[in-house]
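Some notes on the structure that comes next.
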Amino acid sequence: MNKITLLIVAFILTVPVVAQETEHLPGTLITDRPDATESPNTVPVGYLQVETGAFFESFKTGNTKFEDFTLNTSLVRIGLLDNLELRLGWDFVESSLKVNGSKLDNVMSGFSPMLFGAKVNIANEKKGFPEIGLIGHVFLPFTAGKDYKPETTGIDFRFAFAHTLSENSSLSYNIGAQWGDDSPEASYVYTIAYGVGITDKLGAYAELYGDLPENHNANHFWDAGLTYLISDSVQLDATFGSSITEGQDILLSGGVSFRIPTKR
């Protein structure tokens, strides 16, 4: 855990250097974090985009409290064509359990399954019709630590939509489905997020999202946060949230995203 923390600190310290080296890039950075809503935009051809951070969440049921601390929530996006990107993601998770306020010794930790996938930009925004993208992933069991290793491969897909509401505001939403946790049950997912530019560099958003399993109760959540552009190529973010239905007690998140050319 200490080694991973040191790597994250070292990474954050390199951000100013990256910002200086990547000042002349095409357009302002558009990310798929910090919210649950994915954008329909793809990374430009010839560029690599890294979106990473950490988050803490807790779930409370009666006198039992589950706490998850996730480090290195890294998503690497590589522009392959004008409308196609490759996506790789990997998280390191530490989970603990408290009963009546006392933390138990059986702490779980390790990497979750790596995601491998792609995003396709299907249509640009035009005459009231939204920009549309399609995203799909597989989650590879053999890449996970033993505490988080499933027996079967998980998959998900979603359509991503975005509307420009004004010069400094937008509405984005996703619909899709996912299969995982060694269960054949499909879980349908949705998100909707409103974003607004407070200044040229500072933005804010509010979001509703959730999942609807076929044979279980639905889960609904909300979150809100801020983004700050250090440059057109580097962005910081912070988020807080909780669940609307019974479940998640609190969500806290922070991260950084940056884009660099793959060819000099």
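These numbers were taken from a predicted model, which means no experiment stands behind them.
- No more than 12 heavy-atom neighbours from other residues, nucleotides or ligands sit within 6.0 angstrom of CG on Asn217.
- Looking at Tyr47 and Gln49, their side chains never come closer than 4.5 Å, going by heavy atoms from C-beta outward.
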Please table the atom pairs, donor to acceptor, closer than 3.5 Å between any side-chain atom in residues 151-161 and protein atoms at least two apart or in another chain.
{"unit_1": "Thr152", "atom_1": "OG1", "unit_2": "Asp182", "atom_2": "OD1", "d": "3.0"}
{"unit_1": "Asp156", "atom_1": "OD1", "unit_2": "His137", "atom_2": "N", "d": "3.3"}
{"unit_1": "Asp156", "atom_1": "OD1", "unit_2": "His137", "atom_2": "ND1", "d": "3.0"}
{"unit_1": "Arg158", "atom_1": "NH1", "unit_2": "Ala36", "atom_2": "O", "d": "3.1"}
{"unit_1": "Arg158", "atom_1": "NH1", "unit_2": "Asn174", "atom_2": "OD1", "d": "3.0"}

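- When atom types are taken as modelled, the side chain of Thr37 and the backbone of Tyr173 share no donor-acceptor pair closer than 3.5 angstrom.
- Around CD of Glu214, the count of heavy atoms belonging to other residues, nucleotides or ligands within 6.0 Å exceeds 12.
- Under the 4.5 Å side-chain contact rule for hydrophobic residues, Ile30 and Ile122 do not share a cluster.
- Within the 4.5 Å cutoff, the side chain of Asn121 has heavy atoms near those of the Pro40 side chain.
- Between Thr245 and Asn219, the shortest heavy-atom contact is OG1-CA, 3.5 Å.
- Side chain to side chain, Ser39 and Asp32 meet the donor-acceptor criterion of an N or O pair below 3.5 Å.
- Under a hydrophobic-cluster definition in which Ile, Leu, Val, Met, Phe, Trp and Tyr are linked whenever side-chain heavy atoms come within less than 4.5 Å, directly or via other members, Ile175 and Ile135 are assigned to different clusters.
- Taking OG from Ser109 and NZ from Lys146, the interatomic distance works out to 9.0 Å, rounded to the nearest 0.5 Å.
- Distance check: Glu57 CD to Glu67 CD gives 10.5 Å after rounding to the nearest 0.5 Å.
- A donor-acceptor pair is defined here as one N or O able to donate and one able to accept, closer than 3.5 Å; no such pair exists between the side chain of Glu85 and the backbone of Arg77.
- Open room surrounds CZ on Phe129; 12 or fewer heavy atoms of other groups in view lie less than 6.0 Å from it.
- For the pair Thr42/Val120, no side-chain contact is recorded, criterion being any heavy-atom separation below 4.5 Å from C-beta on.
- For Phe240, the ring-ring contact (aromatic ring centres under 6.0 Å, His included) partners at least two apart in sequence or on another chain are Trp222.
- No side-chain donor from either of Ser253 and Thr239 sits under 3.5 Å from a side-chain acceptor of the other.
- At a threshold of 4.5 Å between non-hydrogen side-chain atoms, the residues Val234 and Leu29 do not count as touching.
- With values rounded to the nearest 0.5 angstrom, Leu171 atom CG is found 4.5 Å from Ile192 atom CD1.
- When the side chains of ILVMFWY residues are joined at heavy-atom separations under 4.5 Å, either directly or via intervening members, Ile244 and Leu212 end up in two distinct hydrophobic clusters.
- A donor atom on one side chain and an acceptor atom on the other are found under 3.5 Å apart for Tyr148 and Ser95.
- Residues Leu226 and Ile198 approach most closely at CD2-CD1, 4.5 Å, considering heavy atoms.
- The hydrophobic cluster containing Val189 does not contain Leu208, counting ILVMFWY residues as joined when their side-chain heavy atoms lie under 4.5 angstrom apart, directly or transitively.
- Grouping the Ile, Leu, Val, Met, Phe, Trp and Tyr side chains by contacts below 4.5 angstrom, directly or via other members, places Tyr228 with Phe258.
- Within a 6.0 Å radius of NE2 in His163, other residues, nucleotides and ligands contribute more than 12 heavy atoms.
- In this structure Asp237 satisfies the salt bridge (Lys or Arg N to Asp or Glu O under 4.0 Å) test together with Arg33, sequence neighbours excluded.
- Side-chain contact between Leu75 and Thr31 is absent, with no heavy-atom pair separated by less than 4.5 Å.
- Side-chain rings of Phe221 and Tyr209 approach one another, their centers coming within less than 6.0 Å.
- Of all non-hydrogen atoms in Arg259 and Asp232, the two that sit nearest each other are NH2-O, 3.5 Å.
- Between the side chain of Thr52 and the main chain of Gly255, no donor-acceptor pair closer than 3.5 Å is present.
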### Task
I would like to know whether Leu48 and Val43 meet side-chain contact (heavy atoms from CB on, under 4.5 Å); could you show each step before the answer?
CA-CA 7 Å; Leu48 179 147; Val43 172; over 6 Å; no
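- Here the closest heavy-atom approach between residue Pro213 and residue Glu185 is recorded as CB-OE2, 3.3 Å.
- Smallest separation of non-hydrogen atoms from Tyr205 and Pro34: CE2-CG, 3.7 Å.
- In the displayed structure, Lys201 atom NZ is contacted under 6.0 Å by more than 12 heavy atoms of other residues, nucleotides or ligands.
- Looking at Ser233 and Ile260, their side chains never come closer than 4.5 Å, going by heavy atoms from C-beta outward.
- Using a 4.5 Å heavy-atom cutoff, the side chains of Phe59 and Asp68 are in contact.
- Thr164 and Glu125 make their closest contact through N-OE2, 2.8 Å (heavy atoms, listed as atom of the first residue, atom of the second, distance).
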